[in-house]
Amino acid sequence: MTALPVSSALRLRATSCPAALPGVTQPAYDRDRVTVGVVHLGPGAFHRAHQAYYFDQLLAKDPRWGICAVSLKSPGVRDALAPQDSLYTLAQLDQETTFRIIGSIVEVLVAPEDPPAVFARLAAPMTRMVTLTVTEKGYCLSSEGGLDESHPDIVHDLVNPREPISAIGYLVEGLRRRFLVGLPPYAVVACDNLADNGWRLKAAVTAFAARVDPELAAWIEAEGRFPRTMVDSITPATDDALRARVETATGLHDAWPIQREAFTQWVVEDVLGADAPDLASVGVTLTDDVRGFERAKLRLLNGVHSTLAYAGILRGHETVFEAMSDPVLADLARDLMIQDIIPTLTAPRGLDLSTYAEAILKRFRNPEIRHLLAQIAWDGSQKLPFRILSALTEALEAGRSVDRLAIPLAAWMRFVRRRAAAGEKIVDPLADKLVAVAATCSGEAKADVAAFLTLDAVFPPSLAANPAFVAALEKAYADLA
Ligand code: CS2
C-alpha cells in the first residue's frame, strides 16, 4: 500500500460511521449482533467490491452471515481495516457515483500470523460457507486442469498438512477438523475467473485430501458442495484519487476504499443446500445452467479485456476507455466477440449473446471508469488459457479460422518481449520463464512464436503442434511488428 495521505478528516470506524455525510449508505443492521457465517480467503479488492457487498445487503435480513476475511499472505488489508473496525467505503461508479459503507467484514485475519485462529473459524459450527478470490494462480492447477502437485506451495502443504500455506491446504485442513468432530462440511464457493471453477477446486481439494487421508477425501467427494460460479463487476485498483474522492463524499478518511462499476452480477450453481444463506434474496442468480453464463462472461468480457490490455499497451494506451476510443481496437473487440467468440458459446436460457456482447462493449466505454490496462495485463500465463485458448481450440476443432483469436496471444508475446527487453517487471507467476523465453527472441515471427510455444504450462503440446494455429500466430505476431 502507498502511504496514507495526510488528512484532517476523522478516520472511518464504528463510532465515526454515523457521522458520514448525508447520501452515504450506512450498514442497515446492528453490527454488534452480526456473527461469522462465512470465511473468505483472499480479501482483495474484488471480494470487497462484490461478495462482501452482497453479504452487506443480506445482513439486513439475517445477521448470521458476517464475514471473517483471511489474507493468506500479506497483512496489508488487515493493517488498513483493523483501525477502521473492518469498515470501508465502496464507490459505485456511474453517471452519478454513490458511496456505501460496507460492514459485512467483521474480522480480518492474516493466516501466517495466526493459523490457529483461521482453523478455529473454519472448524466453527456457525461457519457454513467459505468463499475464495485467490486469482487463477491461487488454485495451483497444472495445464491439464488438475492439482499441480509440483507447485511449491502444494509440495510444502503435502509435507506439512497441519501447517498449510496454500488455499487448498487451508480448505483441506479446515474440512479435516470438521470431519473429525462430525460437523458437516462448509460449502466452498470459488469466485475467480476460471472455467468450471467449483469443479476444478473440488477436484484439487479432493486430490490433496486423498494424499492426507483417503477417508477424508471420500467424505469430501460425497458431501462436499463446490458450486460453479460466474462473478462480474469491473473493479479498478484503488488509487489516491479514489481516497480523496471518498473523503470528500463521506467526510471520513478511509485508508482503503474500493471502487467498481455500478453493474454487478453473481451467478451460482444451485447446489448450496437448505442451510445456505439466502443469496437469491439479494440479487444472486441461483441456476443449474451456470456454465453458459460463465463461458460467455469469461470469453466475451475477460477474453476481450485481455485483448485490449496487450494490444492496447502496444499501441500506447493506458486505460480500457482509451483503448476503446481507438477505432482499430474497438473494431477488433467487436469483431472478436461477434465473429469469433459467440460462435463458440451456447447461450444460457434467457440470455441473448449479441445483446450481452454490446452491453459489455458499453461497459468498456464507460467514461467514469479509469481501468488500467496494466492491471488486466497481470498474470497473462494464467488468464489466457481460460479466456482465449479454450475458445480458440474449439474454433480450430470446428474448422473455423483462428486468425483473429491469435491476435491477443501474439500481442501478449510482443508485450512480454518488450517489457523483458526494457528490463521492466512482468507480473506473472511464470515471470522467470517468460523473461528467459523473451531473451531468445529476435523479432522474427517464426522463431519467436516457436520459443513461446515451448511454454507447456500455457500451451498444451497438441495445440502448440497444430499447423493452423502456429500459422495464425506467426501472422498475427508479424503484423504487430
Ligand atoms: C479483468 C477482470 O483484471 C482482469 O483480468 O479482466 O478483473 C474483470 O474486470 C472482471 O472479471 C470483471 O468482472
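Here the structure is a predicted model, which means the values were calculated and not measured. Whatever order the structure lists them in is the order used to number ligands and atoms, beginning at 1. Position 1 is the first residue of the sequence; numbering continues from there.
Near Ser233, meaning under 4.0 Å from any of its heavy atoms, are these atoms of ligand 1: 12 (C), 13 (O). Residue-ligand proximity, His371 to ligand 1, at heavy-atom distances under 4.0 Å covers atoms 9 (O).
When only non-hydrogen protein atoms are considered, atom 2 (C) of ligand 1 lies nearest to Asn302 ND2, 3.5 Å. Of the protein's heavy atoms, Asp232 OD1, 3.3 Å lies nearest to atom 12 (C) of ligand 1. The protein non-hydrogen atom at the shortest distance from atom 7 (O) of ligand 1 is Asn193 ND2, 4.5 Å.
By the 6.0 Å and 45° rule, Arg414 stacks over the aromatic ring of Tyr477.
Residue His305 holds the heavy atom nearest to atom 6 (O) of ligand 1 of all those in His305, Gln265, Glu261, Arg260.
Residues satisfying the ring pair (Phe, Tyr, Trp, His ring centres under 6.0 Å) criterion with His40, sequence neighbours excluded, are His47.
Other residues, nucleotides and ligands place more than 12 heavy atoms under 6.0 Å from the CD atom of Glu424.
With Arg363 as reference, Glu261 is the one residue of Glu358, Glu261, Glu368 to meet the salt bridge (charged side-chain N to carboxylate O under 4.0 Å, His left out) rule.
Where the criterion is an N or O separation shorter than 3.5 Å, residue side chain and backbone included, Thr235 fails it with respect to ligand 1. Taking only nitrogen or oxygen atoms, main chain and side chain alike, Lys383 reaches within less than 3.5 Å of ligand 1. Not one N or O of Arg363 is nearer than 3.5 Å to an N or O of ligand 1, by distance alone. Residue Gln375 places no N or O, backbone or side chain, under 3.5 Å from any N or O of ligand 1.
Atom-to-atom distance recorded for Leu384:CG and Asn302:CG is 11.0 Å, nearest 0.5 angstrom. With rounding to the nearest 0.5 Å, the separation of NZ in Lys433 from CG in Asp428 is 11.0 Å.
Using a cutoff of 4.0 Å between basic side-chain nitrogens and carboxylate oxygens, Arg370 and Glu318 are scored as salt-bridged.
Note on ligand 1: Lys297 sits in its first shell, one or more heavy atoms being nearer than 4.0 Å.
Here Ala309 has no heavy atoms under 4.0 Å from ligand 1, in either its backbone or its side chain.
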> Leu132 and Asn197: side-chain contact (heavy atoms from CB on, under 4.5 Å), yes or no, with the steps?
Replying inline: CA-CA 10 Å; Leu132 287 88; Asn197 51 13; over 6 Å; no

